[in-house]
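Shown next, in structure tokens, is the structure this report addresses.
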Amino acid sequence: MPAKEKVQLKGRNNNMLESLKKLYARDLDTLAKEIQSFNNEENLWQIRPGISNSAGNLALHICGNLKHFIGTGIGQTGYVRQRELEFSQKHVPIPELIANIKETKDIVITTLNKISPEALSATYPVTLRDEAFSTEYFLMHLHAHLNYHLGQINYLRRLIEG
């Protein structure tokens, strides 16, 4: 690859990383605010007919997912995911959920601060559904996943608390 192309690619990847850091920070802060917006802590663990997961479990799932795929998958943090607990654990106090979200945000931002533009372009070390992706693509996928569940949490709060 000519030197000029490498410089342009590196600049594009740096811009992508900066954008991803801002988006993850913003949306994990929004997740914390959403959890704190519940008027009754018990409502975090409520579901309605046809809805499988509570807002509390979705928050645990978001954190576990990001700590696993970004923290361990890229940052080599050593975090060991217990996915089943993300959906079965109940009645985690709000301050504990907020601490988990803050820890997740710290792991995500620290990891993204350390990733090189070359690593961003490289294939992510884990395949999903037998498909390989660039790390950049997978980070965008994980952000979309975060927002999908963030929207569910907002909707559940409004549905349950009126």
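Keep in mind the model is a prediction, meaning the values are calculated, not measured.
- By the 4.5 Å heavy-atom criterion applied to side chains, Thr123 and Phe133 are not counted as neighbours.
- At distances below 3.5 Å, not a single donor-acceptor pair connects side-chain atoms of Asn100 with backbone N or O atoms of Leu60.
- Among all heavy-atom pairs drawn from Gly56 and Leu97, the shortest one is O-CD2, 4.3 Å.
- In this structure, the separation between CD1 on Ile115 and NZ on Lys21 is 10.5 Å, given to the nearest 0.5 Å.
- At least one side-chain heavy atom of Leu120 sits under 4.5 Å from a side-chain heavy atom of Met16.
- Note that the NZ atom of Lys90 and the OG atom of Ser54 stand 4.5 Å from one another [nearest 0.5 Å].
- The heavy-atom pair separating Ala59 from Leu31 by the smallest distance is CB-CD1, 4.3 Å.
- Residues that satisfy the side chain to side chain contact (heavy atoms under 4.5 Å, CB included) test with Lys33, not counting sequence neighbours, are absent from this structure.
- The CG atom of Leu150 lies 6.0 Å from the CG atom of Asp27; values are rounded to the nearest 0.5 Å.
- Using a 4.5 Å cut-off between side-chain heavy atoms of Ile, Leu, Val, Met, Phe, Trp and Tyr, with links allowed through other members, Met140 and Val126 fall into the same hydrophobic cluster.
- Taking the six-membered ring where tryptophan is involved, the planes of Phe69 and Tyr124 are tilted, since the angle between them lies from 30° to 60°.
- Residue pairs that meet the salt bridge (charged side-chain N to carboxylate O under 4.0 Å, His left out) test with at least one member in residues 34-51, sequence neighbours left out, are Glu34-Arg157.
- The hydrophobic clustering, which links ILVMFWY residues whose side-chain heavy atoms are closer than 4.5 Å, places Ile35 and Leu159 together.
- A distance-only check finds a donor-acceptor pair linking the side chain of Thr135 to the backbone of Ala122 [under 3.5 Å].
- His149 is linked by a side chain to side chain contact (heavy atoms under 4.5 Å, CB included) to Leu58, His61, Ile62, His145, Gln152, counting only residues two or more places apart in sequence or in another chain.
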Please walk me through it: do Glu86 and Asn57 pass side chain to side chain contact (heavy atoms under 4.5 Å, CB included)? CA-CA 6 Å; Glu86 295 167 17; Asn57 288 116; over 6 Å; no

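- Two residues are said to be in side-chain contact when any heavy atoms from C-beta on lie closer than 4.5 Å; Ile160 and Leu44 fail this criterion.
- Proximity of a side-chain donor or acceptor of Tyr24 to a complementary backbone N or O of His143 within less than 3.5 Å is detected.
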Does the pair Phe38 and Ile153 meet the rule for a side chain to side chain contact (heavy atoms under 4.5 Å, CB included), with working shown? CA-CA 10 Å; Phe38 276 79; Ile153 291 168; 4.3 Å; yes

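- With Thr72 contributing its side chain and Tyr79 its backbone, the two residues share a donor-acceptor pair below 3.5 Å.
- Atom CD of Gln46 sits about 11.5 Å away from atom CD1 of Ile51, to the nearest 0.5 Å.
- Within a 6.0 Å radius of CD in Gln36, other residues, nucleotides and ligands contribute more than 12 heavy atoms.
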Going through the distances and angles, do Trp45 and Val92 end up as a side chain to side chain contact (heavy atoms under 4.5 Å, CB included)? CA-CA 9 Å; Trp45 308 99; Val92 177; 3.8 Å; yes

Please report the C-alpha distance between Ile74 and Lys114 in whole Å, then the side-chain angles of each, then the deciding distance to 0.1 Å, and finally whether the side chain to side chain contact (heavy atoms under 4.5 Å, CB included) criterion is met. CA-CA 9 Å; Ile74 299 170; Lys114 293 178 183 177; over 6 Å; no

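- At least one side-chain heavy atom of Leu28 sits less than 4.5 Å from a side-chain heavy atom of Leu146.
- When side chains are defined from C-beta on, Ile107 does not count as touching Leu66, because their heavy atoms never get closer than 4.5 Å.
- Shortest non-hydrogen contact noted between Pro125 and Gly73 is CG-O, 3.4 Å.
- Remark: Glu103 CD to Ile98 CD1 distance equals 13.0 Å, nearest 0.5 Å.
- A pairwise comparison of heavy atoms in Thr111 and Gly71 identifies OG1-CA, 4.2 Å as the closest pair.
- Judged purely by distance below 3.5 Å, without hydrogens or angles, the side chains of Thr110 and Asn113 never pair a donor atom with an acceptor atom.
- Rounding to the nearest 0.5 angstrom, the gap separating the CG atom in Leu139 from the OG atom in Ser134 is 8.5 Å.
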